[in-house]
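Notes follow once the structure below has been shown.
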There are 2 protein chains.
Amino acid sequence: MENKTLRNEVNLLHAQICQGLADPKRILLLYYLADGPRRVTDLAGALELPQPTVSHHLRVLRERGLVRSERRGTEVYYTLIDPRVVQALDLLRAVLADLLARQADLVDRAISRGEQGV
Amino acid sequence: MENKTLRNEVNLLHAQICQGLADPKRILLLYYLADGPRRVTDLAGALELPQPTVSHHLRVLRERGLVRSERRGTEVYYTLIDPRVVQALDLLRAVLADLLARQADLVDRAISRGEQGV
DNA sequence: TCAACATATCGAGATATTTATATATTCGCA
DNA sequence: TGCGAATATATAAATATCTCGATATGTTGA
């Protein structure tokens with residue numbers, strides 16, 4: 001009863017974490033960070049994106065508690081806080097792989113039946 | 001030097017699957033569907049949302065390949081296609097739980113030190 | 001203190017998402 | 001055929017997000 005608001009609040013936070021993963025660039029960022037802490041400039045170079053854009057995405061991840069930033073001199077290192085985030089990404093990528101395999105199979109069968117307009 | 005365009009395409013689909021999870025109502029829908037197929041009206045009742053809103057969210061999930069719909073007479077049953085989607089949600093919820101626990105701990109320590117303006 | 005560098009924030013335009021009401025479609029049945 | 005129930009789509013307003021150039025902040029070293 002009284003927990004309904006609390007449960008909604010938790011669900012909202014849950015969704016916000018998922019939202020953190022809901023961008024191709026951020027997924028790449030998280031996979032880079034899975035290998036260890038990285039500087040903003042290096043990440044921007046790896047993703048071939050302007051530095052402000054990368055900083056924006058890192059902020060999204062930081063605000064959702066997925067990464068942490070640490071200043072070392074003039075540079076800032078970002079670190080993945082919880083490896084389970086990447087585990088979850090891997091799970092979902094496996095789901096996607098199966099999905100694509102099923103679709104490819106459908107196409108194959110259609111072609112072998114000589115159907116048009118696939 | 002593999003196909004960069006293909007990799008970007010896969011990353012985009014990966015992100016779109018994550019996007020499917022990035023809404024509190026859709027998370028609830030997926031958890032309901034984890035228990036078995038459900039009709040639209042039942043889901044709308046459970047979520048206390050108008051039926052068109054639920055249909056919209058179900059469409060989002062369907063277009064991303066997370067659920068499948070099946071007509072039985074005048075009703076439509078929605079089914080979770082891959083249980084790993086809920087596994088991923090559980091992982092991320094565990095991440096969130098740790099996050100909240102750490103924050104609560106910080107607050108506790110601050111209070112026990114008698115700090116102001118927390 | 002100043003110059004150079006790394007990063008963050010601001011602001012704006014383009015695009016996407018969420019929600020709900022109104023309306024359309026689809027099916028079973030009288 | 002036509003009615004009622006279940007679901008889907010259209011539409012529109014409010015809101016959020018992505019991107020990037022311009023600019024601000026913070027740090028080091030001369």
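Keep in mind that the numbers below use all heavy atoms, side chains included, and drop hydrogens, waters and symmetry copies. Chain letters run A, B, ... following the sequence lines, proteins first, then strands; residues in each count from 1.
- Residue B:D42 contributes atom CG, which lies 10 Å from atom P of D:dA6 at whole-angstrom precision.
- Under 3.5 Å, the side chains of B:Q51 and B:S55 contain a donor-acceptor pair of N or O atoms.
- Distance B:L43 CG to D:dT7 C1': 12 Å, rounded to the nearest Å.
- In this entry the distance linking CZ of A:R38 with P of C:dA6 reads 17 Å, nearest Å.
- Under the 4.5 Å side-chain criterion, counting only non-hydrogen atoms from C-beta, B:L92 is in contact with A:C18.
- When rounded to the nearest whole Å, the span between CZ of A:R59 and P of D:dT19 equals 15 Å.
- Annotation: cation-pi pair B:R38/B:Y32 absent, no NZ/CZ under 6.0 Å from the ring centroid and within 45° of its normal.
- In this structure, a donor-acceptor pair under 3.5 Å is present between the side chains of B:Y31 and B:D90.
- Following rounding to the nearest Å, A:E70 (CD) and C:dA6 (P) show an atom-to-atom distance of 18 Å.
- Atoms CD (A:E75) and P (C:dA4) sit 18 Å apart, rounded to a whole Å.
- Residue A:E63 contributes atom CD, which lies 13 Å from atom P of D:dA16 at whole-angstrom precision.
- Residues meeting the salt bridge (charged side-chain N to carboxylate O under 4.0 Å, His left out) test with B:D23, sequence neighbours left out: none.
- Using a 4.5 Å cut-off on side-chain heavy atoms (C-beta onward), B:I81 and A:R102 make contact.
- Residue-to-nucleotide proximity on DNA chain C shows that, of A:Y78 and B:G73, the 5′-proximal contact is made by A:Y78.
- Residue A:R39 contributes atom CZ, which lies 21 Å from atom P of D:dG26 at whole-angstrom precision.
- When heavy atoms are screened at a 4.0 angstrom cut-off, B:Y77 is found touching no nucleic acid atom at all.
- Residues B:R71 and B:E75 are not paired through a salt bridge, judged by the lack of any N-O separation under 4.0 Å between the basic side chain and the carboxylate.
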Indicate for each nucleotide in nucleotides 18-25 of chain C, in 5' to 3' sequence, whether protein heavy atoms under 4.0 Å reach the base (B), only the sugar-phosphate (S), or nothing (-). BBBBB---
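- Between A:S55 and C:dA8, a side-chain N or O to OP1/OP2 separation shorter than 4.0 Å is present.
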